[in-house]
Q: 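Before I ask anything, let me first share the structure, which is written out below as structure tokens.
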Amino acid sequence: MTNANTNPTAKYYVCEGSADAGVTKVTPTDDPEKALQVAQVSTEKVHFVSTVNPLASEVDDEV
């Protein structure tokens, strides 16, 4: 899994990967136009823009 840039304040995350491997690359950006441009030129079979980084560590809130 690759997180192209570590930007904890990014508003948009371009997620790329495949159905078999899942999300393998995340590119953070603050610019929605740039996020769409990156997604449009992606050569991966699966690509989408999210407002949540799917590769970020999850916090378990269960007691």
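Values reported hereafter were calculated over all heavy atoms of this structure, with side chains retained and with hydrogens, waters and symmetry mates removed.
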Q: Say whether, by atom type as modelled, one donor and one acceptor occur between the side chain of S18 and the main chain of A21 under 3.5 angstrom.
A: yes

Q: Check C15 against V26 and note the closest heavy-atom contact, atom names and distance.
A: SG-CG2, 4.4 Å

Q: Name the residue from T27, T51, N53 that meets the side chain to side chain contact (heavy atoms under 4.5 Å, CB included) definition with Y13.
A: N53

Q: Does V14 share a hydrophobic cluster with Y12, counting links as ILVMFWY side-chain heavy atoms below 4.5 Å and allowing steps through other members?
A: yes

Q: Which donor-acceptor pairs under 3.5 Å do side chains of residues 34-43 form with protein atoms, sequence neighbours excluded?
A:
| from | atom 1 | to | atom 2 | distance (Å) |
| --- | --- | --- | --- | --- |
| S42 | OG | E16 | OE1 | 2.6 |
| S42 | OG | E44 | N | 3.2 |

